[in-house]
2 protein chains.
Amino acid sequence: MNRRERRRLELRADVIKALAHASRLYIVEQLARQEHCVCELADGIGADLSTVSRHLGVLKAAGIIEGERRGKNVVYRLRTPCVLNFFGCIERVLAESAQATARVRCAPAMQSTST
Amino acid sequence: MNRRERRRLELRADVIKALAHASRLYIVEQLARQEHCVCELADGIGADLSTVSRHLGVLKAAGIIEGERRGKNVVYRLRTPCVLNFFGCIERVLAESAQATARVRCAPAMQSTST
DNA sequence: GAATCACTTGGTCATTTGGCCAAGCGTGAC
DNA sequence: GTCACGCTTGGCCAAATGACCAAGTGATTC
C-alpha cells in the first residue's frame, strides 16, 4: 500500500466513519424521508441540541448531507441518497452473523469431533 | 428514537464502524480478489502483524470476513461481498464533494452578492 | 519434545470521539 | 435597538480506538 493508495482509502474511510454512529444513521434515515431542521432531529434522537449539531456537521463535512438556513431554522437534507443502499447489505451481514451464532449455539462440537 | 430502534441502529453502526478504517478497507479489497493469510496482508499494509491481526479481528467480529486455520497459516476470505457495492457510492460522494469545493474555489462570492 | 513459524492477545500509550454545558452568532419579532 | 429563538462552537471530560512491543498459543518440523 503506497502513499497514494493509502490516501485514497483514507478518504473513503472518512465517508464511512461519518456513517458509523447510531445517531447519524438515524439522521440519514429521517432525511431520506424528508428534510428536517436541527431541532426536530434533536427531538427524535433525544440528545442535546449541540450534540446533534455536531453529528450533522460530521455528515455535512463528509458530503452526505447539506444544510441551508431558512428563516430561523437550518434545514438539512440528504445529498447522496445512494448511501441508503448500504442498509440492505448491512442487514444481510447481521442476518448471517445471527445465523452463525445460532449454529454455534445448537452444535457446539461442530469442528472438534470429540469434546 | 426508542430503545429498540436505537439498538437496531447501533448494530448497523457496528458493521459500518468495522469498515471505517483505511487498513481494513485495504483488507476488504484484497480479500475481494482472493483469500490471504495474515502475513500477506500485513506485508501489503506495512504495519505490525499484531496490528493487522486486530484489524482482521474487527472485520471478523462484524461478520464481514471469516478466517480458517490452514496449516501454519490462518487464511481469511470475504464473507459478505455485497460490501463491495459501497465503494461506488462512496466515490460518488467524494466526487460531488470535490465538485463543491471547486465551485467554492472558483466563485467565492456566490451567495453574498456584495463583499 | 524442542525449535520454529504464524498468529493472537495482554499491556501500555497517544489520539480521537462523543457527550454536555456555556457562550457566541445569525435571524426574525417586537 | 433589543429580545428571543435556533443553531454552532469552545471548553472540558470520560471512553473508545489504533498503534507498537512483548508474551502467549497452535501447528509443523526436526
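Just so it is clear: chains get the letters A, B, ... in the order the sequence lines come, proteins before strands, and each one is counted from 1.
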CZ on A:Arg24 to NE2 on A:His55, rounded to 0.5 Å:
6.0 Å

note: B:Asp14, atom CG; D:dA16, atom C1'; distance rounded to Å ~ 12 Å

Report the distance from atom CG of A:Asp43 to atom C1' of D:dG6, rounded to the nearest whole Å.
13 Å

Spacing of B:Leu19 atom CG relative to D:dG18 atom P, expressed in whole Å
12 Å

Which letter, B, S or -, goes with each nucleotide of nucleotides 19-30 of chain D from 5' to 3', with contact meaning a protein heavy atom under 4.0 Å?
SBBB---SSS--

OP1 or OP2 of C:dA6 under 4.0 Å from side-chain N/O of B:Tyr76:
no

Check for a donor-acceptor pair, side chain of B:Glu40 on one end and backbone N or O of B:Cys37 on the other, with a separation under 3.5 Å.
yes

In this structure, CG of A:Leu9 is separated from CD1 of B:Ile90 (nearest 0.5 Å) by 11.5 Å

Would you say A:Asn73 reaches D:dC5's phosphate, i.e. side-chain N/O to OP1/OP2 under 4.0 Å?
no

So B:Glu10 and B:Arg3, salt bridge (charged side-chain N to carboxylate O under 4.0 Å, His left out) or not? Walk me through it.
CA-CA 10 Å; B:Glu10 277 169 357; B:Arg3 183 181 304 267; over 6 Å; no

Run the salt bridge (charged side-chain N to carboxylate O under 4.0 Å, His left out) check on A:Glu66 and A:Arg77 step by step: do they pass?
CA-CA 6 Å; A:Glu66 58 190 357; A:Arg77 71 178 143 271; 3.3 Å; yes

Can you check the A:Glu40 CD to D:dC5 C1' distance for me, whole Å?
15 Å

Residues in contact with DNA chain C, drawn from residues 26-35 of chain A - heavy-atom cutoff 4.0 Å
none

